[in-house]
Amino acid sequence: MNLPASRREFLLTAGATSLAASMFSVLPSAAGAADGESEAGELFQTTVKLTTPKSGKDKRMPRPLDSVSCSVFIPRGLKTVRGATLNPFYEPTVKQKHWQAAASLWSFAHVGLNFFGVKNEELAETTERALAALAEVSGQPALASAPLCIHGMSIGGGLTSRLVEALPSRVIAAAPVCLEVGPRDEASGDVPMVTIFGEKDGRQMEKLTEKLPLAREQHAQWAIAPQWNQKHEWHMANNFILPFYQQVIGQRLPEKASSNPSLKQYMEKDGWLGDCATWKTPSPQVASYNDYSKDRSQACWLPDAYTAALWQAFVSYKSPVSLVSPHGIGGGKPLLTFAAGKPMEVKVATDKSAEVSEIAIYDGNRHLAKIDPQTLTGSIELDAGIHGLIAVGTLASGEKTYSEPIAVISQ
């Protein structure tokens, strides 16, 4: 990409530093600190004028009030953008290494916006103009019409659900975090969505469990997933969101980049269901839509067996089996990436008071390897992509128990 220097706005300047600081002052507990410049690609920044200026009454409102700032990460060597991941509230996300790595694997751009204060009725128009402006400044014209995976936390979670409502035909999947939101209408209910929230984050548990059956009665393709003992924080949400996106992108989006690609639509009956009544146990229950024996409108909807297994592990409570190594994405630990097709060691731990007769490692619902009961280690090989690793233990009773999932990036 040989763009003139005047068209490049790398986020390493003093101005960009103050921009990042302003973002942190708005949402200090957002999805992790920006990681800095990467050899993985290039960062571009621009601004878009608003039709209606933001109100200045809220002191958190970023200035200026008549425009919004927008940034994009483009993987190095990428000729044509196939899609984009987008955070509508946390612009410094474009410097986060895990999203950069994901973008590189998927041939995506990764977009960070700061839409705090943008009027709801202008979100669609402003997003489209922001993507068009970023397409121009980055030299990636396909970005202007790229299909989107949208996620954000708190206010960003609300913006996520509103963008799905505003642009349902171009959203591949969505993951609001830490806000009691989901599909807002019938069209947004056709977009696979998972809302992740802290168990102890105000009344979110109460509100989301009330909203779920109302949306599911309208056949919404929606699941909710608590992070046990957590409050208002992103925490380990990436360990669901990244492999969830990996799976849905592979199923909904054509492999070849094209202008205005048509997204494959899921059928509700082809999905899987998760039983919320069993989630605060070490053994949450999931089943295919046709095999689910309880009220389907009370259950979380998931696109397939893989994401159902991911949900089952993510909501598991006090499992006697845990993955020790590799570590997941989040929790203040550095990002690890692994060589595709090369052996990698996996280590687990067990609660000594539990009788675990056998342990295996899965990638979602795909069996990878057995764990040696003496060393509690095993060896696996992964294809290029993002994987949701789960340790599945068999108890003396024959019941299965599931560790929290760990997202692993192999390149």
Side-chain angles (χ1 to χ4, degrees), residues 88 120 123-124 148-199 201-227 237 240-241 244-245 247-248 251-252 263-280 284-308 310-312 314-315:
N120 292 333
L123 283 173
L148 306 170
C149 290
I150 308 176
H151 53 270
M153 176 184 161
S154 193
I155 293 172
L159 288 169
T160 294
S161 69
R162 291 196 178 279
L163 280 177
V164 176
E165 178 187 29
L167 301 166
S169 64
R170 69 181 293 183
V171 181
I172 305 166
V177 178
C178 288
L179 201 68
E180 56 278 6
V181 293
R184 293 180 176 271
D185 58 10
E186 184 177 350
S188 61
D190 289 337
V191 175
M193 184 183 301
V194 176
T195 300
I196 297 174
F197 63 99
E199 176 198 12
D201 189 0
R203 296 176 57 206
Q204 288 198 19
M205 175 72 78
E206 175 189 348
K207 291 181 178 181
L208 284 165
T209 52
E210 288 176 354
K211 287 185 175 186
L212 179 71
L214 298 177
R216 288 287 302 117
E217 284 173 0
Q218 302 303 313
H219 311 289
Q221 297 178 5
W222 184 37
I224 58 176
Q227 299 200 77
F240 191 107
I241 296 171
F244 168 62
Y245 281 177
Q247 194 72 7
V248 177
Q251 293 171 348
R252 297 200 70 201
L263 298 176
K264 179 182 176 181
Q265 186 63 48
Y266 285 115
M267 300 295 291
E268 183 187 19
K269 65 180 179 60
D270 294 331
W272 279 59
L273 299 174
D275 184 2
C276 298
T278 64
W279 65 10
K280 202 167 187 180
Q285 299 300 299
V286 298
S288 67
Y289 188 89
N290 290 331
D291 291 337
Y292 193 78
S293 59
K294 296 184 179 181
D295 183 350
R296 295 185 180 113
S297 70
Q298 300 291 318
C300 291
W301 186 92
L302 298 140
D304 55 18
Y306 183 98
T307 49
L310 191 67
W311 179 90
Q312 182 178 47
F314 192 82
V315 303

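Any value given below was found using the heavy atoms of this structure, including those in side chains, with hydrogens, waters and symmetry copies removed.
Of the possible donor and acceptor atoms, one in the side chain of T278 sits under 3.5 Å from a partner among the backbone N and O of Q285. A donor-acceptor pair under 3.5 Å links the side-chain atoms of R252 to the main chain of V171, judged by distance alone. Of the possible donor and acceptor atoms, one in the side chain of Q204 sits under 3.5 Å from a partner among the backbone N and O of C178. Looking only at distances, no side-chain donor or acceptor of T160 sits under 3.5 Å from a matching main-chain atom of P176. Judged by distance alone, the side chain of R296 and the main-chain N or O of Y289 form a donor-acceptor pair under 3.5 Å. Between the side chain of Q312 and the backbone N or O of P284, at least one donor-acceptor pair lies under 3.5 Å. Although no hydrogens or angles enter the test, the distance criterion places no donor-acceptor pair under 3.5 Å between the side chain of R170 and the main chain of L148. Between the side chain of Y245 and the backbone N or O of I150, at least one donor-acceptor pair lies under 3.5 Å. Looking at W222, its side chain never comes within 3.5 Å of a backbone N or O of V191 through a donor-acceptor pair.
Across all their heavy atoms, L302 and A308 have their closest contact at CD1-CA, 3.8 Å. Pairing each heavy atom of F197 with each of L208, the nearest pair is CD2-CD1, 3.3 Å. Taking all atoms of both residues into account, the shortest heavy-atom contact from G182 to T195 is CA-OG1, 4.2 Å. Among all heavy-atom pairs drawn from A124 and L167, the shortest one is CB-CD2, 4.0 Å. Considering every non-hydrogen atom in both A277 and D275, the closest pair reads N-OD1, 3.0 Å. In terms of heavy atoms, E268 sits closest to H219 at OE1-ND1, 2.8 Å.
Ring orientation note: the planes of F240 and F314 are nearly perpendicular, at an angle over 60° on the 30°/60° scale. In this pair, Y266 and W301 present their aromatic rings perpendicular. The plane angle is above 60°, beyond the 30 to 60° band.
Within 6.0 Å of atom CD in E186, 12 or fewer heavy atoms from other residues, nucleotides or ligands are found, so the atom counts as exposed in its surroundings.
Of the charged side-chain nitrogens involved, at least one lies within less than 4.0 Å of a carboxylate oxygen, so that E199 and K280 count as a salt-bridged pair.
Side-chain contact between L212 and C276 is present, with heavy atoms from C-beta onward closer than 4.5 Å. Proximity of V164 to P183: side-chain heavy atoms (C-beta onward) are nowhere separated by under 4.5 Å. No side-chain heavy atom of V194 sits less than 4.5 Å from a side-chain heavy atom of I241.
Here the straight-line distance linking atom CD1 of I196 with atom CZ of F244 works out to 8.5 Å at 0.5 Å rounding. For the atom pair Q218 CD and S297 OG, the distance stands at 10.5 Å (nearest 0.5 Å). Distance check: Q221 CD to M267 CE gives 9.0 Å after rounding to the nearest 0.5 Å.
Remark: K207 engages E180 in a salt bridge (Lys or Arg N to Asp or Glu O under 4.0 Å) (not counting sequence neighbours). Partners of E206 according to the side-chain hydrogen bond (donor to acceptor under 3.5 Å, both in side chains) rule, which considers only residues two or more places apart in sequence or in another chain, are R203.
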Inset, instruction - Show the numbers, then the answer: is there a side chain to side chain donor-acceptor pair (under 3.5 Å) between W272 and T307? - result: CA-CA 8 Å; W272 279 59; T307 49; over 6 Å; no

